[in-house]
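Below you'll find the structure, written out as structure tokens, and then a few comments.
Quick caveat: nothing in here was measured; it's all calculated off a predicted structure. Naming convention: chains lettered A, B, ... in sequence-line order (proteins, then strands); numbering from 1 in each chain.
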Amino acid sequence: RKEVEQDPGPFNVPEGATVAFNCTYSNSASQSFFWYRQDCRKEPKLLMSVYSSGNEDGRFTAQLNRASQYISLLIRDSKLSDSATYLCVVNIPRRLTGGGNKLTFGTGTQLKVEL
Amino acid sequence: DGGITQSPKYLFRKEGQNVTLSCEQNLNHDAMYWYRQDPGQGLRLIYYSQIVNDFQKGDIAEGYSVSREKKESFPLTVTSAQKNPTAFYLCASSMAERGTGTQYFGPGTRLLVL
């Protein structure tokens with residue numbers, strides 16, 4: 001099983017739609033979770049951290065389900081500018097990596113928002 | 001402006017040649033990282049450094065080398081031993097051991113083999 005798994009998509013949605021992505025992780029000791037956004041041929045940029053209680057930032061909502069080991073990202077009222085690849089990122093605790101803040105990246109879910 | 005810079009944006013390597021990718025940050029971050037991204041794959045960790053004069057191998061260190069002589073700089077050398085170097089190389093940095101885990105990325109260098 002991969003450490004972090006995402007559906008690669010693409011998800012093609014009309015402007016204004018609500019879209020949700022899930023991501024599963026294999027290491028139950030993981031403690032930090034993030035969603036990054038990556039535009040074509042650009043570097044990843046932090047979209048939001050994912051907290052145990054769930055968190056919202058404008059049209060974006062992130063949730064964590066530790067029991068089932070997945071995180072989710074919900075985008076409401078999607079815009080053309082939301083078109084990008086969304087990377088699920090999970091932190092591996094330091095004691096398991098022998099030191100260092102190791103992040104494991106999913107392969108990303110591609111979103112295309114259309115008129 | 002604080003941030004991470006990488007140069008060059010594009011780099012061409014001939015067979016058997018070593019090339020060095022630059023990464024500089026002025027965020028006062030202790031930790032720095034090098035990743036490689038191939039089409040359809042996630043980022044893979046090459047090397048990381050938590051503090052000056054110290055660095056550790058990541059998951060795919062073979063054929064690469066690094067140095068960390070200054071806090072601001074973490075250059076990556078792609079040696080001739082790396083048989084498939086064509087990829088998008090990303091440098092990142094973070095506050096070490098703060099528990100947040102957030103890494104910030106530079107704009108990347110695309111390496112192409114001629």
Side-chain angles (χ1 to χ4, degrees), chain A residues 2-10 23-27 29-52 55 57 62 64 71 84-110, chain B residues 3-7 9-10 21 23 25 27 29-51 54-61 66 68 74 87-110 112:
Chain A
K2 287 185 180 178
E3 289 183 300
V4 178
E5 283 200 83
Q6 297 182 252
D7 181 342
C23 164
T24 58
Y25 61 95
S26 62
N27 193 322
S30 297
Q31 296 176 351
S32 301
F33 309 88
F34 309 89
W35 285 101
Y36 278 72
R37 170 192 169 129
Q38 186 173 24
D39 292 288
C40 187
R41 303 179 71 81
K42 299 287 189 180
E43 74 274 24
K45 293 186 178 179
L46 179 68
L47 180 66
M48 58 198 305
S49 302
V50 186
Y51 303 122
S52 296
N55 48 301
D57 183 2
L64 168 64
I71 65 172
T85 297
Y86 291 83
L87 306 178
C88 171
V89 185
V90 177
N91 170 277
I92 306 296
R94 183 183 184 195
R95 58 185 167 82
L96 297 179
T97 62
N101 176 20
K102 181 180 176 181
L103 295 183
T104 299
F105 289 77
T107 54
T109 297
Q110 188 179 11
Chain B
I4 305 174
T5 57
Q6 290 185 243
S7 62
K9 188 173 182 179
Y10 296 96
L21 285 59
C23 177
Q25 55 98 1
L27 300 168
H29 285 170
D30 292 305
M32 297 185 74
Y33 311 81
W34 274 105
Y35 294 90
R36 167 185 175 138
Q37 188 176 36
D38 295 277
Q41 295 194 37
L43 277 67
R44 292 184 289 167
L45 183 64
I46 304 173
Y47 267 98
Y48 64 99
S49 168
Q50 296 180 76
I51 197 168
D54 184 58
F55 49 83
Q56 287 83 39
K57 293 181 179 180
D59 300 319
I60 54 165
V66 293
R68 186 86 187 276
F74 191 40
F88 187 36
Y89 289 86
L90 290 156
C91 178
S93 69
S94 71
M95 294 295 288
E97 308 315 315
R98 288 293 184 91
T100 64
T102 306
Q103 294 182 12
Y104 299 91
F105 287 85
T109 293
R110 291 195 182 274
L112 299 167

Do A/Tyr36 and B/Gln103 have side chains that get closer than 4.5 Å, going by heavy atoms?
yes
Tightest non-hydrogen contact, residues A/Ser49 and B/Thr102, listed as OG-OG1, 4.4 Å
Against chain A, label B/Arg44 side chain, backbone, both or neither, depending on which of its atoms sit under 4.5 Å from a heavy atom there.
neither
Using non-hydrogen atoms and a 4.5 Å limit, figure out which bit of A/Gln38 sits close to chain B: side chain, backbone, both or neither.
side chain
Evaluate whether atom CD1 of B/Ile51 has more than 12 neighbouring non-hydrogen atoms of other residues, nucleotides or ligands under 6.0 angstrom away.
no
May I ask you to name which of B/Gly40, B/Gly108, B/Pro107 has the most heavy-atom pairs under 4.5 Å with chain A?
B/Pro107
Given that the side chain runs from C-beta out, which part of A/Pro44 has a heavy atom under 4.5 Å from chain B: side chain, backbone, both or neither?
both
Any donor-acceptor N or O pair under 3.5 Å, side chains B/Gln6, A/Glu43
no
Okay, B/Leu43 and chain A: the region with an atom under 4.5 Å from a heavy atom over there is both
Heavy atoms of B/Phe88 and A/Arg41 approach each other most closely as CZ-O, 4.2 Å
